[in-house]
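Worksheet: the structure to be examined is printed underneath.
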Amino acid sequence: QVQLVESGGGLVQAGASLRLSCAASGRTFTRNAMAWFRQVPGKEREFVAAFSWSAGNTLYSSSVKGRFTISEDTAKNTVYLQMNSLKPEDTAVYYCAARIYGGNYRYSESYSYWGQGTQVTVSS
């Protein structure tokens with residue numbers, strides 16, 4: 001089992017920055033990738049960014065590429081999502097997720113463990 005706890009969400013104005021954190025505990029050594037997804041009411045969970053230890057690379061959705069950065073602090077078992085130049089359309093609940101097996105990084109079905117989510121609201 002892997003436990004994930006997100007933090008860092010909040011209410012900001014358009015153009016501002018936020019950094020989300022995802023602290024992992026438990027059998028963290030079983031992970032081969034971490035990702036951030038987001039969801040708004042009535043819509044499916046949307047891929048935002050992923051970091052893969054096995055592939056050694058990062059992936060971003062086209063809607064956040066160039067504005068968001070995913071990173072990790074191995075010593076702290078924490079993954080971050082730095083969000084810059086925030087837009088109202090970035091408003092959502094943000095979830096971090098851990099991948100244990102394989103599967104497409106962009107698909108939520110590929111991830112076995114999820115955090116409880118943190119709300120990000122961007123006002124115009």
Side-chain angles (χ1 to χ4, degrees):
Q1 290 272 350
V2 177
Q3 294 78 42
L4 303 173
V5 179
E6 301 101 333
S7 61
L11 170 63
V12 296
Q13 290 190 329
S17 298
L18 273 177
R19 188 178 78 159
L20 305 183
S21 300
C22 174
S25 60
R27 295 171 60 87
T28 58
F29 59 89
T30 59
R31 301 172 295 165
N32 57 50
M34 292 289 294
W36 288 94
F37 286 75
R38 64 188 182 187
Q39 190 170 25
V40 297
K43 292 191 175 182
E44 291 188 357
R45 200 163 288 189
E46 174 193 15
F47 171 78
V48 175
F51 175 89
S52 168
W53 285 279
S54 58
N57 62 0
T58 56
L59 287 172
Y60 297 94
S61 70
S62 57
S63 61
V64 307
K65 193 170 185 178
R67 299 188 297 124
F68 291 12
T69 302
I70 188 170
S71 63
E72 59 97 21
D73 184 330
T74 304
K76 295 182 178 180
N77 277 328
T78 299
V79 175
Y80 303 98
L81 185 68
Q82 178 67 44
M83 306 185 294
N84 299 328
S85 302
L86 282 162
K87 305 175 181 180
E89 50 264 42
D90 294 319
T91 295
V93 177
Y94 283 71
Y95 298 90
C96 70
R99 195 182 81 161
I100 306 299
Y101 303 107
N104 191 304
Y105 295 107
R106 300 178 184 272
Y107 296 165
S108 60
E109 293 80 4
S110 300
Y111 297 85
S112 301
Y113 299 102
W114 293 84
Q116 81 289 351
T118 185
Q119 176 71 47
V120 172
T121 303
V122 184
S123 63
S124 58

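Here the structure is a predicted model, which is why all the values come from computation and not from measurement.
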Donor-acceptor contacts, no H, no angles, side chain residues 16-23, under 3.5 Å, sequence neighbours left out:
from, atom 1, to, atom 2, distance (Å)
Ser17, OG, Asn84, OD1, 2.9

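Residues satisfying the side-chain contact (heavy atoms from CB on, under 4.5 Å) criterion with Ser85, sequence neighbours excluded, are Arg67. Applying the side chain to side chain donor-acceptor pair (under 3.5 Å) criterion to Glu72, with sequence neighbours excluded, gives Thr74. Phe51 meets the ring pair (Phe, Tyr, Trp, His ring centres under 6.0 Å) test with Trp53; sequence neighbours excluded. Checked against side chain to side chain donor-acceptor pair (under 3.5 Å), Tyr95 has no partners two or more places apart in sequence or in another chain. Looking at residues two or more places apart in sequence or on another chain, you find no side chain to side chain donor-acceptor pair (under 3.5 Å) involving Ser123.
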* Test side-chain contact (heavy atoms from CB on, under 4.5 Å) applied to Arg38 and Thr91, step by step -> CA-CA 9 Å; Arg38 64 188 182 187; Thr91 295; over 6 Å; no
* Please walk me through it: do Val79 and Ile70 pass side-chain contact (heavy atoms from CB on, under 4.5 Å)? -> CA-CA 7 Å; Val79 175; Ile70 188 170; 3.8 Å; yes
* **side-chain contact (heavy atoms from CB on, under 4.5 Å) assessment of Arg106 paired with Leu59** => CA-CA 8 Å; Arg106 300 178 184 272; Leu59 287 172; 4.0 Å; yes
* To do: Check the pair Arg45 / Trp114 against side-chain contact (heavy atoms from CB on, under 4.5 Å), numbers first and verdict last.
  => CA-CA 12 Å; Arg45 200 163 288 189; Trp114 293 84; 3.2 Å; yes
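By the criterion of side-chain heavy atoms lying less than 4.5 angstrom apart, applied directly or through intervening Ile, Leu, Val, Met, Phe, Trp or Tyr residues, Val2 is grouped together with Trp36 in one hydrophobic cluster.
Using a 4.5 Å heavy-atom threshold, the side chains of Val5 and Gln116 count as touching. Residues Asp90 and Val120 form no side-chain contact, since every pair of their non-hydrogen atoms from C-beta on lies 4.5 Å or further apart. By the 4.5 Å heavy-atom criterion applied to side chains, Glu89 and Ser63 are not counted as neighbours.
Counting all heavy atoms, side chain and backbone alike, Lys43 lies closest to Gln39 at O-NE2, 3.0 Å. For Val122 against Lys87, the heavy-atom pair with the smallest separation is CB-O, 3.3 Å. Nearest heavy-atom pair across Ser124 and Ala14 is CA-CB, 4.4 Å. In this structure, Asn77 and Arg31 approach most closely via the heavy-atom pair OD1-NH2, 3.4 Å. The nearest pair of heavy atoms linking Gly9 to Thr118 is N-OG1, 3.2 Å.
One N or O on the side chain of Thr30 and one on the backbone of Arg27 form a donor-acceptor pair closer than 3.5 Å. Judged by distance alone, the side chain of Thr78 and the main-chain N or O of Lys76 form a donor-acceptor pair under 3.5 Å. Using a distance-only test at 3.5 Å, with no hydrogens or angles considered, a donor-acceptor pair links the side chain of Glu6 to the main chain of Gly117.
Under a cut-off of 6.0 angstrom, the local environment of CD in Gln1 is sparse, with at most 12 non-hydrogen atoms contributed by other residues, nucleotides or ligands. The environment of OH in Tyr101 is sparse: at most 12 heavy-atom neighbours from other residues, nucleotides or ligands sit within 6.0 Å.
We find the CG-OG distance between Asn104 and Ser110 to be 5.5 Å, quoted to the nearest 0.5 Å. Separating the OG atom in Ser112 from the CZ atom in Arg99 is a distance of 9.5 Å, to the nearest 0.5 Å. In this structure, Gln3 CD and Thr28 OG1 are separated by 10.0 Å, a value rounded to the nearest 0.5 Å.
Ring orientation note: the planes of Tyr111 and Phe37 are nearly perpendicular, at an angle over 60° on the 30°/60° scale.
Remark: aromatic rings of Phe47 and Tyr60 are distant, center separation not under 6.0 Å.
Residues Thr121 and Gln119 bring a donor and an acceptor atom of their side chains to less than 3.5 Å of each other. A donor-acceptor contact under 3.5 angstrom links the side chains of Ser52 and Tyr105, judged on distance only.
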